[in-house]
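A quick note: this is a predicted structure, and the numbers were derived from the prediction, not measured. Computation of the quantities below employed the complete heavy-atom set of this structure, encompassing side-chain atoms and omitting hydrogens, waters and symmetry-equivalent molecules.
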Amino acid sequence: MNDELKSVLESVVKQALQPIHDEVRAMRKDVELIKTQVDENTKMVQAVRDNQLEQRSQHDAMTHEIAQLSGIIEARFNKVDRAFRLLEADIDTMYEKTNIHEREIRRIKHSQ
């Protein structure tokens with residue numbers, strides 16, 4: 001009877017543990033699916049990070065290029081501004097000389 005009792009107990013324990021075994025198997029499948037999804041997510045995050053680093057590098061290069069262009073444009077603007085100021089001074093001088101000449105012409109006409 002001892003063997004029979006042992007056999008019955010084993011059978012009862014197996015039946016009692018069967019739902020637990022089924023649940024553990026289902027959980028293992030879920031864990032595998034979660035691992036797969038985590039791996040995919042990790043790869044996507046790494047790709048996004050790599051893309052972000054590349055974008056940052058391009059942004060830095062563009063910022064540097066813009067700073068260089070800004071310096072070139074400022075230098076050219078300063079040259080053009082100086083040329084306009086010189087031209088304006090020349091025009092002012094021409095107006096003064098024209099006024100002097102007109103006065104001399106009037107004076108000469110009146111003196112004749």
Side-chain angles (χ1 to χ4, degrees):
M1 179 144 164
N2 205 7
D3 285 339
E4 191 176 312
L5 182 60
K6 185 178 176 183
S7 178
V8 170
L9 283 174
E10 282 179 359
S11 175
V12 169
V13 169
K14 273 187 179 180
Q15 287 177 351
L17 291 178
Q18 188 60 41
I20 294 172
H21 286 296
D22 293 342
E23 186 67 26
V24 168
R25 271 190 230 110
M27 290 173 91
R28 283 184 177 155
K29 287 180 185 178
D30 289 344
V31 166
E32 285 301 315
L33 290 174
I34 291 170
K35 281 182 181 180
T36 301
Q37 187 63 49
V38 166
D39 288 344
E40 289 177 16
N41 290 349
T42 300
K43 287 177 184 175
M44 287 191 314
V45 167
Q46 288 173 343
V48 168
R49 191 190 77 227
D50 291 345
N51 187 28
Q52 180 186 12
L53 292 174
E54 182 179 335
Q55 293 295 325
R56 186 178 299 148
S57 174
Q58 290 174 356
H59 178 267
D60 291 345
M62 287 174 57
T63 300
H64 180 71
E65 188 174 340
I66 288 170
Q68 283 181 327
L69 290 173
S70 178
I72 291 169
I73 290 170
E74 185 176 357
R76 288 184 182 173
F77 176 79
N78 289 339
K79 283 182 181 180
V80 169
D81 187 52
R82 184 173 184 271
F84 277 129
R85 282 186 276 131
L86 291 173
L87 184 60
E88 191 175 53
D90 289 346
I91 290 172
D92 288 344
T93 302
M94 287 174 57
Y95 278 130
E96 289 174 18
K97 285 185 178 185
T98 302
N99 286 334
I100 291 170
H101 290 148
E102 284 179 359
R103 276 185 262 148
E104 285 182 20
I105 291 171
R106 272 189 244 126
R107 187 180 52 81
I108 291 173
K109 280 184 179 180
H110 288 313
S111 69
Q112 288 182 347

(message) So does S7 get a backbone contact from the side chain of S11, meaning a donor-acceptor N/O pair under 3.5 Å?
(response) no
(request) Ignoring hydrogens and angles, tell me if any N or O in the side chain of S111 forms a donor-acceptor pair with the backbone of I108 under 3.5 Å. (result) yes
Could you give the distance from [atom1] ([X]) to [atom2] ([Y]), rounded to the nearest 0.5 Å?
X: T98; Y: R103; atom1: OG1; atom2: CZ; result: 10.5 Å
X: D30; Y: Q37; atom1: CG; atom2: CD; result: 13.0 Å
X: I105; Y: I100; atom1: CD1; atom2: CD1; result: 12.0 Å
X: H59; Y: T63; atom1: NE2; atom2: OG1; result: 4.0 Å
X: N41; Y: T36; atom1: CG; atom2: OG1; result: 11.0 Å
X: E10; Y: L17; atom1: CD; atom2: CG; result: 11.5 Å

(message) salt bridge (charged side-chain N to carboxylate O under 4.0 Å, His left out) for R25 and D22? Distances and angles first, verdict last.
(response) CA-CA 5 Å; R25 271 190 230 110; D22 293 342; 2.8 Å; yes
(message) Does atom CD (E65) have a neighbourhood of more than 12 heavy atoms from anything else shown, all under 6.0 Å?
(response) no
Using atom types as modelled, flag every donor-acceptor pair under 3.5 Å from a side chain in residues 72-84 to any protein atom, sequence neighbours excluded.
residue, atom, partner, partner atom, Å
N78, ND2, E74, O, 3.3
D81, OD2, R85, NE, 3.3
D81, OD2, R85, NH2, 3.4

Enumerate, atom names and distances included, each donor-acceptor pair closer than 3.5 Å involving a side-chain atom of residues 42-55, sequence neighbours excluded.
residue, atom, partner, partner atom, Å
T42, OG1, V38, O, 2.7
E54, OE2, Q58, NE2, 3.4

(request) Identify, with sequence neighbours excluded, every residue that meets salt bridge (charged side-chain N to carboxylate O under 4.0 Å, His left out) alongside E102. (result) R106
